[in-house]
**Student:** 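Here it is: the structure, laid out below.
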Amino acid sequence: MGQRRRCGLTPPVEGENRTLENGANSGSSPKQGRSGGVSEGQGERLFKGIPYASIIKEWWDKNDGEPAEGERNVKLHKLAVNLRAICDNKKEVLMAVMPRFGLSEAELKSIVDSACKEEPKGVSKKMQGIIDQLTLSIEQSDEDWDAEENTSYFTLPPSLKKNLAMGLKESLEGVPTSMHMPVLCAVLPIAAAYADQVEVEYCDGNRQRLGLMSIIRGEQASGKSVCKNVVDVWKRQFDEEDAIARKREEEWKERKKARKANEKAPDDPKVLIRTVPVTVSCSTLLKRFKNANGHCLYSFGEELDTLRKTNGAGSWSSKYDIYRLSFDNGEWGQDYNSDQAESGVVKVAYNWTMLGTDGAMRKCFKADNIENGLSSRVLVAEMPDSSFAKMPKFGKRSADDEAKIQEAVTRLRSYSGFVDTPRLRKGVERWVEKKRVEAAKDIDHVKDVYRKRAAVIGFRSGVVFHLLTGAKHESKACLEFALMMAEYTLEQQIKAFGEALQQEYVEAKNECQRYGKNNSAFDQLPPVFTIEDLKALKQGYCSEQSLRVIVHRWRNDGWIKKTDSKHWKKSVVGKYNTES
């Protein structure tokens with residue numbers, strides 16, 4: 001994790017020869033170079049530095065894929081009509097770049113001739129969108145490769161980026177590579193909120209709902225608004241329905257206010273409103289829960305500091321309890337004598353996404369919220385360090401991309417009831433066990449705490465991915481996505497909260513100081529050791545009782561054997577290899 005990978009298109013080197021691959025059964029093409037709009041000479045053909053092969057590949061991706069049997073000529077004709085505008089309407093250029101799919105030269109020439117007979121209309125909107133997107137991809141790739149940055153950032157593996165589920169893939173359109181993870185983390189809670197009627201079984205056998213909360217952190221002017229822009233697209237269906245509901249509620253309030261003294265108050269319409277501001281009062285939030293009929297509410301907050309200030313004292317402080325309960329769909333309520341305050345007990349289903357600076361997050365997550373479990377329930381994403389960096393370049397999300405996101409929302413809302421995901425369960429169970437072994441070797445209580453809910457967050461993210469694919473069984477990409485999200489969540493939680501949580505342990509005098517990944521306490525012990533050796537290694541930061549507990553677990557895992565009353569010996573064939 002954290003390694004820089006070069007993504008996107010790579011501009012060809014001057015004079016470089018490469019084979020043009022426009023798809024299955026594509027024929028050979030003359031080699032051309034890189035001069036002007038339509039390049040001529042040695043090397044593959046290019047349009048403004050973009051290989052025609054890449055343009056054609058994107059065209060298929062945006063137009064229901066490569067031709068299937070029975071539609072080859074029709075789809076190739078449509079491609080030729082759109083390509084000719086960036087081939088100077090030259091038949092010889094079209095013949096060179098068009099894919100064949102088994103057609104003879106004469107058959108392809110017939111299609112090209114037909115396409116060029118139509119009246120020229122300039123570059124189509126779809127083709128221009130593809131060119132703009134590929135141009136931006138090249139620029140971002142060059143910047144990622146050449147820029148000297150102060151910090152690395154996590155990037156999606158190329159195989160996963162290519163196979164992202166519908167909705168997630170379109171959410172990343174026009175977004176710089178360095179911001180992909182923050183955008184995904186911003187979107188997942190609202191995607192899960194749309195799938196609020198789904199129930200899944202976790203690795204431990206318990207049933208769960210898809211509760212997710214995320215915080216996107218970064219300094220001022222770090223580009224966090226890129227997350228707001230995509231969440232706004234995802235939020236459209238909620239917003240449209242809520243606007244109607246809020247209008248009904250406002251009309252009811254007006255009728256109630258205008259009634260005569262002896263006139264009966266109109267009945268409360270009890271409308272369903274799914275999106276609430278992060279500053280919502282506890283009484284109003286309770287009312288929204290009561291009217292939700294089991295649906296999940298959602299909030300988006302642009303400033304985490306606003307939340308911190310409003311949740312600082314009094315009844316507002318219970319909002320932090322609500323957040324914790326929402327992760328597991330727990331019960332919450334309040335009971336007042338006054339009719340002015342809402343009373344009742346409800347199941348809490350509440351997802352949210354918030355943006356904030358590092359300073360605001362430190363103030364929100366002080367001792368209580370670190371130690372009481374809220375920090376381990378939050379998916380944290382970090383914006384790339386923008387110190388002294390050039391201004392990032394953003395592309396535009398096309399109307400087709402936004403339509404795909406709306407299709408993804410509709411698909412998520414269509415699911416209800418139990419969805420079985422055995423492959424996800426098995427994969428996440430292996431991952432969380434691997435992290436348990438790593439934590440046990442290092443007596444790392446911080447990793448041991450955060451690995452558990454990081455696994456849950458990764459699992460739920462994988463379920464969202466699976467639902468978006470519409471497939472019957474979880475795909476390889478789905479499992480890869482879930483494990484990547486679990487790993488990223490664990491890394492970010494430890495980075496954001498680990499030091500503060502460790503301090504809580506140290507101050508309690510019954511836990512151990514956290515060591516880094518490469519400082520495993522187990523590996524540093526000699527082949528035969530005593531409790532005193534372990535105490536010396538941990539430099540007095542652990543109580544003897546705490547050390548005896550961990551030694552007992554090492555023995556149960558088969559890592560060590562007792563040789564006498566004071567000595568332990570590492571197993572010759574130990575089970576402590578975390579790579580196995």
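Worth knowing before you read on, the calculation uses all heavy atoms, side chains too, and leaves out hydrogens, waters and symmetry mates.
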**Student:** Salt bridge or not for E438 and R451, using N-O below 4.0 Å?
**Tutor:** no
**Student:** Minimum heavy-atom separation for A192 and L210, please, with both atom names.
**Tutor:** CB-O, 3.3 Å
**Student:** D328 and R377: side-chain contact (heavy atoms from CB on, under 4.5 Å), yes or no, with the steps?
**Tutor:** CA-CA 9 Å; D328 298 307; R377 291 172 165 90; 3.6 Å; yes
**Student:** Under a 4.5 Å cut-off applied to non-hydrogen side-chain atoms, are K452 and S376 in contact?
**Tutor:** no
**Student:** Taking the basic N atoms (NZ, or NE/NH1/NH2) and the acidic carboxylate oxygens, is any pair closer than 4.0 Å for R207 and E199?
**Tutor:** yes
**Student:** Can E429 and K426 be counted as an ion pair, charged N to O under 4.0 angstrom?
**Tutor:** no
**Student:** Is the shortest distance from a Lys or Arg side-chain nitrogen in E105 or R100 to a carboxylate oxygen in the other one below 4.0 Å?
**Tutor:** yes
**Student:** Whether the side chain of S326 engages the backbone of Y350 through a donor-acceptor N/O pair (distance < 3.5 Å, no angle test) should be reported.
**Tutor:** yes
**Student:** Less than 4.0 angstrom from a charged side-chain N to a carboxylate O is my criterion; do K57 and D61 meet it?
**Tutor:** yes
**Student:** Any donor-acceptor pair under 3.5 Å linking the side chain of R423 with the backbone of H473?
**Tutor:** no
**Student:** Quick check against the 3.5 Å criterion: does K224 have a side-chain atom that pairs as donor or acceptor with the backbone of G218?
**Tutor:** yes
**Student:** Report yes if some heavy atom in the side chain of L83 is under 4.5 Å from a heavy atom in the side chain of M127; otherwise report no.
**Tutor:** yes
**Student:** So among I457, I216, V380, L212, which one has a side-chain contact (heavy atoms from CB on, under 4.5 Å) with C185?
**Tutor:** I216
**Student:** Going by the angle between their ring planes, with limits at 30° and 60°, are Y194 and W234 parallel, tilted or perpendicular?
**Tutor:** tilted
**Student:** Nearest heavy-atom pair of A245 and I273: which atoms, and what distance?
**Tutor:** CB-CG1, 3.8 Å
**Student:** I need the minimum non-hydrogen distance between F481 and S461, along with the two atoms involved.
**Tutor:** CE2-O, 3.6 Å
**Student:** Would you say the side-chain atoms of E491 pair up with the backbone N or O of Y488, donor to acceptor, closer than 3.5 Å?
**Tutor:** no
**Student:** Applying side-chain contact (heavy atoms from CB on, under 4.5 Å) to M213 and Y323, what does each step give before you reach the verdict?
**Tutor:** CA-CA 8 Å; M213 301 170 283; Y323 300 153; 4.0 Å; yes
**Student:** With a cut-off of 6.0 Å (strictly less than), are more than 12 heavy atoms of other residues, nucleotides or ligands near NZ of K78?
**Tutor:** no
**Student:** Taking only Lys NZ, Arg NE, NH1 and NH2, and the carboxylate oxygens of Asp or Glu, determine whether D113 and K109 approach each other closer than 4.0 Å.
**Tutor:** yes
**Student:** Taking the side chain as C-beta and beyond, is there a heavy-atom pair between M98 and I56 under 4.5 Å?
**Tutor:** no
**Student:** If every non-hydrogen atom of L424 is compared with every non-hydrogen atom of V463, which pair is closest and at what distance?
**Tutor:** CD1-N, 3.6 Å
**Student:** Between L490 and W431, is there a side-chain heavy-atom distance shorter than 4.5 Å?
**Tutor:** yes
**Student:** Side chain to side chain donor-acceptor pair (under 3.5 Å), that's the test. Do E407 and T410 meet it? Break it down for me.
**Tutor:** CA-CA 5 Å; E407 186 181 340; T410 301; over 6 Å; no
**Student:** Could you check Q208 against E201 for side-chain contact (heavy atoms from CB on, under 4.5 Å), going step by step and ending with a plain yes or no?
**Tutor:** CA-CA 6 Å; Q208 296 185 353; E201 182 181 314; over 6 Å; no
**Student:** Once the angle between the rings of F459 and Y202 is folded into 0 to 90°, is it parallel (under 30°), tilted (30 to 60°) or perpendicular (over 60°)?
**Tutor:** perpendicular
**Student:** Just one of K62, K169, K396 clears the side-chain hydrogen bond (donor to acceptor under 3.5 Å, both in side chains) bar with D401, so which one?
**Tutor:** K62
**Student:** Looking at residues at least two apart in the chain, or sitting in another chain, which of them share a salt bridge (charged side-chain N to carboxylate O under 4.0 Å, His left out) with E433?
**Tutor:** R436
**Student:** Taking side-chain hydrogen bond (donor to acceptor under 3.5 Å, both in side chains) as the criterion, tell me which of R209, R413, R274 meets it with D196.
**Tutor:** R274
**Student:** Hey, does the side chain of E71 reach the backbone of A68 with a donor-acceptor pair shorter than 3.5 angstrom?
**Tutor:** yes
**Student:** So, does Q493 use its side chain to make a donor-acceptor pair with the main chain of V378 at under 3.5 Å?
**Tutor:** yes
**Student:** Decide whether N63 and K75 meet the rule of one side-chain donor and one side-chain acceptor closer than 3.5 Å.
**Tutor:** no
**Student:** Under a 4.5 Å cut-off applied to non-hydrogen side-chain atoms, are Q492 and L379 in contact?
**Tutor:** no
**Student:** Quick one, R246 with D242, criterion salt bridge (charged side-chain N to carboxylate O under 4.0 Å, His left out). Give me CA distance, side-chain angles, the key distance, then yes/no.
**Tutor:** CA-CA 6 Å; R246 287 186 184 279; D242 286 356; 5.3 Å; no
**Student:** Using side-chain contact (heavy atoms from CB on, under 4.5 Å) as the criterion, point out the one residue from C227, S214, S225 that pairs with L355.
**Tutor:** C227
**Student:** Where the side chain of N351 meets the backbone of P189, is there a donor-acceptor pair that is under 3.5 Å apart?
**Tutor:** yes
**Student:** Any donor-acceptor pair under 3.5 Å linking the side chain of R411 with the backbone of T469?
**Tutor:** yes
**Student:** Examine the side chains of E219 and S222 and answer whether a donor and an acceptor come within less than 3.5 Å of each other.
**Tutor:** no
**Student:** Decide, yes or no, whether a salt bridge links E382 with K495 under the criterion of side-chain N to carboxylate O below 4.0 Å.
**Tutor:** yes
**Student:** Taking the side chain from S124 and the backbone from N82, do they hold a donor-acceptor pair closer than 3.5 Å?
**Tutor:** no
**Student:** Does any non-hydrogen side-chain atom of P182 lie less than 4.5 Å from one of V226?
**Tutor:** no
**Student:** Begin with the C-alpha distance, continue with both residues' side-chain angles, and end with the deciding distance and a verdict on side-chain contact (heavy atoms from CB on, under 4.5 Å) for D420 and R425.
**Tutor:** CA-CA 9 Å; D420 197 18; R425 282 197 301 274; 2.8 Å; yes
**Student:** Which pair of non-hydrogen atoms, one from L297 and one from A292, has the smallest distance, and what is that distance?
**Tutor:** CD2-CB, 4.2 Å
**Student:** Begin with the C-alpha distance, continue with both residues' side-chain angles, and end with the deciding distance and a verdict on side chain to side chain donor-acceptor pair (under 3.5 Å) for Y450 and T489.
**Tutor:** CA-CA 9 Å; Y450 284 123; T489 300; over 6 Å; no
**Student:** Between the side chains of H466 and T421, is a donor N or O closer than 3.5 angstrom to an acceptor N or O?
**Tutor:** no
**Student:** What class does the angle between the rings of Y52 and F47 fall in, given that below 30° is parallel, 30 to 60° is tilted and above 60° is perpendicular?
**Tutor:** tilted
**Student:** Would you name the heavy atoms of L172 and L164 that are closest together and state the gap between them?
**Tutor:** CD1-CD1, 3.5 Å
**Student:** Indicate yes or no: does R236 engage D232 in a salt bridge with an N to O separation below 4.0 Å.
**Tutor:** no
